Protein chains: 2
Amino acid sequence: MNLSKTSKYAFRILVHMAKDEKALYSAQQLHQNIDVPERYLRRLLTDLSKSGFIKSIQGRQGGFIFARDISTITLLQIVESVDGLDSINECILGYDSCAFDYSCPMHDVWAETKMKIIDTLTKTSLKDIHNNRLEDF
Amino acid sequence: MNLSKTSKYAFRILVHMAKDEKALYSAQQLHQNIDVPERYLRRLLTDLSKSGFIKSIQGRQGGFIFARDISTITLLQIVESVDGLDSINECILGYDSCAFDYSCPMHDVWAETKMKIIDTLTKTSLKDIHNNRLEDF
DNA sequence: GTAAAATACTACAAACAAGTAGCATTTAAT
DNA sequence: ATTAAATGCTACTTGTTTGTAGTATTTTAC
Ligand code: SF4
Ligand code: SF4
């Protein structure tokens with residue numbers, strides 16, 4: 001259970017872009033709208049392109065645009081690509097590999113909550129987010 | 001949503017100690033049972049003492065023992081004392097102070113899950129953990 | 001009273017995450 | 001062609017968290 005700051009930045013970027021799904025956004029434009037250090041933002045945009053969420057268009061008038069339908073992009077996929085799945089799925093006691101044959105006392109306590117987290121992240125696509133609310137972002 | 005490794009270490013320590021609530025545990029003993037670097041474990045034990053969960057008994061035959069009834073120690077209190085409450089409660093987009101007057105689209109998506117997390121951590125005491133399961137730890 | 005077994009304190013070191021900088025490359029407008 | 005506006009790559013710097021070391025202090029056993 002560990003969302004890095006970078007994952008949160010990725011959320012900011014993609015949720016913002018999802019507001020107008022078909023639009024092309026330049027790094028500068030994004031920087032003006034969401035509070036992420038400019039160079040770091042750019043690097044992250046490149047990473048998100050490589051992960052296939054968005055694609056980059058180079059050159060003057062270039063920028064970033066979604067590479068696939070935003071209803072197919074879930075929050076879990078985003079976290080997974082930035083932090084890795086372990087960050088969410090890992091043992092609540094921080095063991096690399098579970099030290100126990102049977103589950104330890106903490107396991108059951110956390111299991112349901114962990115499921116809820118994964119469930120929410122899995123079921124929520126970028127499209128869902130803006131369907132829920134139409135407020136400005 | 002960010003449990004540091006140190007918080008997880010704290011869980012390991014206290015959940016282990018809660019198995020025999022009234023016993024006195026030396027740092028060495030704990031080190032043999034849970035996989036936390038020895039010197040780091042000791043420092044953390046001192047911190048947990050200062051936070052009032054356990055108390056230290058110095059000198060030969062010394063060690064650590066719960067300072068209060070384990071039914072009054074919740075997981076949230078432990079996280080709070082190690083990482084601070086913000087680590088759990090913080091904005092899913094990582095904004096220090098919410099940038100919006102009204103809630104942004106992400107807020108509602110996460111609100112329920114966040115509540116579930118806080119709820120679980122608040123309602124689960126060290127006693128509950130071992131009441132749920134009697135397995136060895 | 002001396003030694004041994006424990007915790008306490010504080011500074012340092014290593015590892016990791018976050019942020020910055022410089023320069024290269026691509027493309028459109030002129 | 002030239003210039004400007006954009007992304008791409010890679011190395012460096014800074015900050016935070018995690019882990020280590022040395023030394024001091026406390027208390028019991030003998
Ligand atoms: S059983 Fe315990 S140690 Fe193993 S993965 Fe679950 S919480 Fe972690
Ligand atoms: S409304 Fe949005 S930005 Fe504000 S705290 Fe909630 S998730 Fe964060």
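It should be emphasised that the depicted structure is a prediction, and the values quoted were computed from it without experimental measurement. Numbered from 1 within each chain, the chains take letters A, B, ... in sequence-line order.
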Which residues in residues 39-54 of chain B have a heavy atom closer than 4.0 Å to any atom of DNA chain C? R42(B), R43(B), T46(B), K50(B)
When you check the phosphate oxygens OP1 and OP2 of dG19(D), does a side-chain N or O of Y9(B) lie under 4.0 Å from one of them? yes
For the pair K55(A) (side chain) and I65(A) (backbone), establish whether a donor and an acceptor sit closer than 3.5 Å, ignoring hydrogens and angles. no
Checking all strands, does E38(B) fall into the base, sugar-phosphate, or nothing category for heavy-atom contacts under 4.0 angstrom? nothing
Would L48(A) and F64(A) count as a side chain to side chain contact (heavy atoms under 4.5 Å, CB included) here? Give the steps. CA-CA 10 Å; L48(A) 293 172; F64(A) 298 88; over 6 Å; no
For the side chain of S125(B) and the backbone of K127(B), is there at least one donor-acceptor N/O pair under 3.5 Å apart? yes
To the nearest angstrom, the NZ-C1' distance between K55(B) and dT26(D) comes to 17 Å
Does S56(A) put a side-chain nitrogen or oxygen below 4.0 Å from OP1 or OP2 of dG8(D)? yes
Please give, in whole Å, the distance from dT18(D) C1' to K8(B) NZ? 13 Å
With Q58(A) via side-chain contact (heavy atoms from CB on, under 4.5 Å) - residues at least two apart: none
Any sub-3.5 Å donor-acceptor pair from H130(B)'s side-chain atoms to V15(B)'s backbone N or O? yes
Is there a side-chain contact between I34(B) and Y95(A), using heavy atoms and a 4.5 Å cut-off? yes
Can you tell me the distance, in whole Å, between the OH atom of Y25(A) and the P atom of dT7(D)? 14 Å
Within the 4.5 Å heavy-atom criterion, are Y25(A) and L45(A) side-chain neighbours or not? no
For G59(B) and for D83(B), locate the closest nucleotide of DNA chain D by heavy-atom distance; then report the residue assigned to the nucleotide nearer the 5' terminus. D83(B)
5' to 3' on DNA chain C, which nucleotides open and close the contacts with chain B (atom under 4.0 Å from a heavy atom)? dA4(C) to dA11(C)
Does E38(A) come within less than 4.0 Å of R42(A), counting only side-chain N to carboxylate O? yes
Q58(A) or T6(A): which one's nearest nucleotide on DNA chain C is closer to the 5' end? T6(A)
H31(B) side chain to V36(B) backbone, donor-acceptor under 3.5 Å: yes
Whichever of I57(B) and P37(A) has its nearest DNA chain C nucleotide further upstream toward 5': I57(B)
